[in-house]
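Below, chain A is the first sequence line, B the second, and so on; all start at residue 1.
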Amino acid sequence: MAFKLTEGYLESIMEGAELATPVLQILAIKKIVSGNANKDRYRLIVSDGRHSVSHAMLASQNNEQVLQAGEHTIVKVTRYITSLFNNSSGKEQRILLLLDVDIVASGSQVGSTLGNPTPLTEAKKNEPASSNNYTKGNSSSNTFVGMSGHSSNSSLLPHNCNNSVSLENQMIHPICSLSPYQNKWVIKARVSNKSAIRTWSNSKGEGKLFSMDLIDESGEIRCTGFKEMVDKYYDYLQVDKIYFISKCQIKAANKKFCTLKNDYEMTMTNETTIQECQGEDNGIPSTRYNFTTIDKIGNMEVDSLVDVCAICKEASELQAFQAKSSGRELKKKEVVLVDQSNCSIILTLWGTDAENFDGTNNPVVVIKGARIREFGGGKNLSFSVGGLLKINPDIPESFRIRGWYDQEGCSGNIVDISAKSSSFNATFMSFKQVKDHGLGNAEKGDYYQNVGTILLMSSNNLTYKACPTESCNKKIIDLENGMYRCEKCNREFPNFKYRLLTRMNVADWSGNTWISMFNSEGETVMGMTAQEVGEQIESNSEAAADIVEKVNFKQFLFKCRAKMETYNDEARLKTIAVEVKPINYKDFNNQIINKIKQIMG
DNA sequence: CCCCCCCC
């Protein structure tokens with residue numbers, strides 16, 4: 001198969017021309033920067049068959065497909081940028097950044113270098129950009145300006161900026177090219193999000209800070225200003241405006257607190273210069289989202305951050321309450337979100353976000369950086385600092401989901417990701433606590449869990465003969481003619497099934513209690529099926545004693561329902577184990593550690 | 001240099 005490259009394109013591109021979809025071959029791939037997470041940065045040698053360019057870089061979202069395709073791969077470049085920067089010897093160097101590529105043929109399909117490409121000479125690469133001064137793939141924007149001839153009006157500079165040189169005259173670097181290894185740069189970026197000013201006070205000191213999200217056509221990065229930087233820049237920086245920014249300190253990003261797609265984040269320093277870009281803002285996008293559909297959240301890690309675009313199906317009233325742990329007065333609103341995955345999830349808004357949220361008319365809710373939480377086995381989302389919340393924003397995804405909801409989503413069957421998987425995540429309590437707290441007065445009983453030791457199990461009536469109908473567990477009457485009658489089903493059967501109904505005395509350090517349990521819980525405790533238990537006892541009257549003895553001193557996690565019942569005019573607490581599980585010592589130890597921490601204050 | 005962000 002013959003592959004065709006867009007011969008001669010590279011020369012023009014590296015001189016600043018805009019050419020639609022160059023088709024290039026990747027001759028070499030070299031890792032240049034290793035990120036803290038999963039995004040490494042790669043330098044490429046690319047060829048158009050006539051020339052090769054060694055100063056090419058791959059935008060990290062393309063890493064996976066290009067690495068997989070390997071050297072000799074042919075790509076169609078759907079979006080690119082060139083940018084000037086100073087190389088190590090202080091010379092200007094133009095680099096080619098591949099923002100979006102489609103694989104035309106993988107390296108193994110191509111197998112060799114096409115044509116006989118010669119390296120573009122230094123002289124060629126260092127020629128000034130063509131007349132319009134900008135270099136861009138597929139639109140007329142000038143996000144990354146080469147050397148610009150025009151001078152800026154210094155009166156436009158804000159008085160509180162410390163620089164004397166206008167950044168506007170300098171070359172602009174794409175955000176995705178920033179790294180700790182290169183500190184001479186200027187970016188031109190839009191502020192897509194700005195936090196409130198926050199103060200802190202801990203053992204290391206105290207202070208105040210704010211952070212903002214910066215975005216350009218190549219990528220995004222978070223920037224934080226501490227202390228005096230707050231005074232200097234907080235009011236000056238406005239969301240949605242565009243700034244020239246230089247000389248921040250670049251360091252590895254902590255992914256735990258930021259969904260921005262960048263391995264780095266930056267911090268303002270005394271050297272930092274920020275100037276508003278008064279002119280053209282074309283081509284610089286506003287917030288960039290990385291949306292996850294709700295169905296996926298069910299399998300995602302608790303505490304991680306996601307971006308969602310969903311419809312508010314319903315919203316609760318504003319609820320105010322006091323946090324048990326901190327005593328703080330909290331306000332929240334629970335919003336049920338749905339999306340095209342036909343799943344719903346609860347989003348909790350706090351404080352003013354909760355107060356301000358209006359759920360009428362099913363608005364589109366777009367969130368960047370919602371925190372995944374878990375409650376009772378279900379997942380939910382919590383929105384708070386560092387995130388961005390928009391209602392009915394003007395983005396394509398918003399219109400798309402609006403259409404989906406109005407046409408079909410509003411009447412569809414929805415799976416609730418926030419649904420609690422089991423009846424509890426009930427509190428761990430000792431039997432003494434159960435007694436002291438007077439559990440059992442709630443109408444449906446009170447739930448708790450306990451890790452306990454079986455002291456004694458009654459060997460009488462371990463099993464009963466039950467109706468063989470699958471959905472019916474009613475005790476049957478032995479008609480003693482080979483038939484069994486179920487009153488509930490009003491039928492006679494030639495067979496029955498064994499069911500367990502056991503009572504055992506369970507102890508922990510604080511006391512003991514009698515717990516009843518039904519079939520499956522009893523099977524777990526005995527390690528036998530009800531059928532096996534029934535048959536063994538049937539064939540050997542001594543079997544029951546053996547079975548009971550083997551259970552003694554076994555330990556389990558008991559999930560219990562306690563309810564006060566009146567029996568012969570006497571109130572007593574009836575406890576049923578609704579779930580019995582082997583002890584997960586890791587979880588159990590965490591419970592104990594948390595308790596110790598509580599006790600220690 | 002923050003990074004707590006809440007509740008059942």
* **Sugar-phosphate, base or nothing in reach of A:Lys208, heavy atoms under 4.0 Å** => nothing
* **Counterpart residues, side chain to side chain donor-acceptor pair (under 3.5 Å), relative to A:Asp416 (two or more places apart)** => A:Ser344
* Scan nucleotides 3-8 of chain B nucleotide by nucleotide, 5' to 3', and note B when protein non-hydrogen atoms come under 4.0 Å of the base, S if they reach only the sugar-phosphate, - if neither. => BBBBBB
Show me the side-chain donor-acceptor pairs of residues 201-208 of chain A shorter than 3.5 Å, one per line, residues at least two apart or across chains.
from: A:Asn202; atom 1: OD1; to: A:Lys204; atom 2: N; distance (Å): 2.8
from: A:Asn202; atom 1: OD1; to: A:Gly205; atom 2: N; distance (Å): 3.2
from: A:Lys208; atom 1: NZ; to: A:Asp231; atom 2: OD1; distance (Å): 2.7

What side-chain donor-acceptor pairs closer than 3.5 Å can you find for residues 385-395 of chain A, not counting sequence neighbours?
from: A:Asn392; atom 1: OD1; to: A:Val364; atom 2: N; distance (Å): 2.8

Could you pull out all donor-acceptor pairs under 3.5 Å where a side-chain atom in residues 504-514 of chain A meets a protein atom, sequence neighbours excluded?
from: A:Asn505; atom 1: ND2; to: A:Asn512; atom 2: OD1; distance (Å): 3.2
from: A:Asp508; atom 1: OD1; to: A:Ser510; atom 2: N; distance (Å): 2.8
from: A:Asp508; atom 1: OD1; to: A:Ser510; atom 2: OG; distance (Å): 2.8
from: A:Asp508; atom 1: OD1; to: A:Gly511; atom 2: N; distance (Å): 3.1
from: A:Asp508; atom 1: OD2; to: A:Phe431; atom 2: N; distance (Å): 3.0
from: A:Asp508; atom 1: OD2; to: A:Asn450; atom 2: ND2; distance (Å): 2.8
from: A:Ser510; atom 1: OG; to: A:Phe431; atom 2: N; distance (Å): 3.3
from: A:Ser510; atom 1: OG; to: A:Lys432; atom 2: N; distance (Å): 2.9

* Would you mind listing every salt bridge (charged side-chain N to carboxylate O under 4.0 Å, His left out) that reaches into residues 290-306 of chain A, with sequence neighbours excluded? => A:Asp303-A:Arg373
